[in-house]
Enquirer: 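Could you have a look at this structure, given as structure tokens, before my questions?
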Amino acid sequence: MTILIPILGDQLSHGLASLRDGPQGDAVLLLMEVAEETGYVRHHKIKIALIFSAMRHFAAEARAAGWRVDYVELDDPDNAGSFTAEVARAVTRHRPSAIRIVEPGEWRVKTMIDGWSEHFGLPVQILPDDRFVCGILEFQTWAQARNDLVMEFFYREMRRKTGLLMTAEGNPEGGQWNLDAQNRAPPKRGVRYPAPLRFVPDETTQAVIALVAARFERHFGALEAFALPVTAAEAHAALAHFIRTALPDFGTYQDAMVTGEDFLFHSWLSPALNLGLLTPLEVAQAAADAYAAGTVPLNAAEGFIRQIIGWREFVRGYYWLEMPEVADANALDATRPLPEFYWTGETDMLCLSEAVRNTRDNAYAHHIQRLMVLGNFAMLAGVRPQEVADWFLVVYADAYEWVELPNVLAMSQHADGGRLATKPYAGGGGYINRMSDHCRTCRYDVKRKTGPDACPFNALYWDFLARHEKRFRRNRRMATAYANWDRMTEDVRDSYRASAGTFLETLVPAAPGWAR
């Protein structure tokens, strides 16, 4: 009897649970390029090209390994346009006795799959996605035993579970779990930043790029810079290149921003990791091995590993714990529409224009650009968090809802009221000046606090604290900020709020329908 095995576009791992028994004559792999997935938000052109190219390469590798593969291309004239409709066509073609699939990463896809058994009249086996270090039920058990969700404590459990950077006695290497205090150095003049490994598109990728250029001309971004890995072999080469050339300095400078430098010491591996071309354990193990070999300092290995088995696993657990209610959260009652410059990059704030340019050109920006520039501005300005989350989902090649929504809506916008993060990630121009070189050549003066020539982040920061004083004054992590606010005269406070209001009136909202 035939078993139909659908493989989703972010499940491109040959060690996937549904494939673990190896090629079987009675099994058919089904991979589907469907319009529904390109259009539920209007994804960056690079993201669509990446996923389709990686899917086509994965299918070719699966065939070479002996699997029967049924592959539906987007321009197939019979393409039905959705997962469920394409599975229905495959059921008609192959008449399977059952469907076997690994649990999806996104809530909306889960609701589709949950209805398949009744819809098709077939048993549907949904397997746990054990590519992650922490299973969904495991995280829920951990969370239910605690009053508060604290990533640091979860991260320590993952270190113990994996043994990464642990001594034989069960202690963290170096005697400390977290070396974040050593990972905040500002950029220095004269530092040379290694270029990430780039891949020349092969014939398959070129065909996909041509398809995307023709079908998705109105989508955000450009395709000229496409150079991402589209196979596991390429992804492993990119990982090795990062470990050798960039990881040694990644820890120290991971929060820095430099004008014209899009990657600095960052890995650019998240698109491959979130597709399944790499697994979190092999990525984290490579960093741990480099530390053990003496080629990478501890603060770099620990900082990188914390992002992979700590934060990434934590936000996935949070997503499945809090969905679907958290998708509508808006604890700060933010209602402003997304500003137009998030699409055009046309703003005199250099930090923001640089982040949007990088995003447009590469479908990428590193975590401080996303959190403390793009996200911080949106929160301070009171932009509706669902619009911010939609924008992030559209523009980044590594954005899937399970990882994007918690990071944006809960962490950067504090829309969940502090369930994920104990304080809002709010900052003024001083933070950006300290962690970047942007302010040196920006039209605005970061040292001015108010007025038309002052950095807008300065007044927006204090206006945000004033608007939400009732909510945040008792937060112990905000005590210093409110103590400074209390020392200001009433005239100074009024000038901050007036300056913020004047600036906010200049913001032009994005055109309607930009996301979908």
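Both backbone and side-chain heavy atoms feed into the values below; hydrogens, waters and symmetry mates do not.
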Enquirer: Checking His438 now: which residues fulfil side-chain hydrogen bond (donor to acceptor under 3.5 Å, both in side chains) with it, not counting sequence neighbours?
Expert: Thr259
Enquirer: Among residues two or more places apart or on two chains, list those pairs meeting salt bridge (Lys or Arg N to Asp or Glu O under 4.0 Å) that have a residue in residues 362-372.
Expert: Arg370-Asp398
Enquirer: Listed by chain and number, what are the side chain to side chain contact (heavy atoms under 4.5 Å, CB included) partners of Asp486, not counting sequence neighbours?
Expert: Arg473, Arg493
Enquirer: For residues 151-160, which residue pairs qualify under salt bridge (Lys or Arg N to Asp or Glu O under 4.0 Å), counting only residues two or more places apart or in two chains?
Expert: Glu152-Arg156, Glu157-Arg160
Enquirer: For Phe132, give me all partners under ring-ring contact (aromatic ring centres under 6.0 Å, His included), at least two apart in sequence or on another chain.
Expert: Trp402
Enquirer: Does Glu261 come within less than 4.0 Å of Arg192, counting only side-chain N to carboxylate O?
Expert: no
Enquirer: Could I get the full list of side chain to side chain contact (heavy atoms under 4.5 Å, CB included) partners for Gln140, not counting sequence neighbours?
Expert: Ile136, Leu137, Gln144, Leu321
Enquirer: Which residue pairs pass the ring-ring contact (aromatic ring centres under 6.0 Å, His included) test when at least one of the two sits in residues 229-248, sequence neighbours left out?
Expert: Phe242-Phe304
Enquirer: How about Phe392 and Tyr396: are their ring centres within less than 6.0 Å of each other?
Expert: yes
Enquirer: Report the distance from atom OG1 of Thr231 to atom CG of Leu12, rounding to the nearest 0.5 Å.
Expert: 11.0 Å
Enquirer: Could you pull out all residues at least two apart from Phe341 that satisfy ring-ring contact (aromatic ring centres under 6.0 Å, His included)?
Expert: Phe377
Enquirer: Which residues satisfy the salt bridge (Lys or Arg N to Asp or Glu O under 4.0 Å) test with Glu106, sequence neighbours excluded?
Expert: Arg108
Enquirer: Is it true that Thr359 and Tyr364 share a donor-acceptor pair across their side chains at a distance under 3.5 Å?
Expert: no
Enquirer: Side chain to side chain contact (heavy atoms under 4.5 Å, CB included) with Gln369: which residues, sequence neighbours excluded?
Expert: Met257, Ala355, Asn358, Ala365, His366
Enquirer: Please answer whether the main-chain N or O of Leu16 pairs with a side-chain N or O of Arg131 as donor and acceptor at a distance below 3.5 Å.
Expert: no
Enquirer: Could you tell me which residues satisfy side chain to side chain contact (heavy atoms under 4.5 Å, CB included) with Ala479, sequence neighbours excluded, listed by chain and number?
Expert: none
Enquirer: Any pair with a residue in residues 418-427 that passes salt bridge (Lys or Arg N to Asp or Glu O under 4.0 Å), sequence neighbours left out, goes on the list, sorted by first then second residue, please.
Expert: Glu322-Arg419
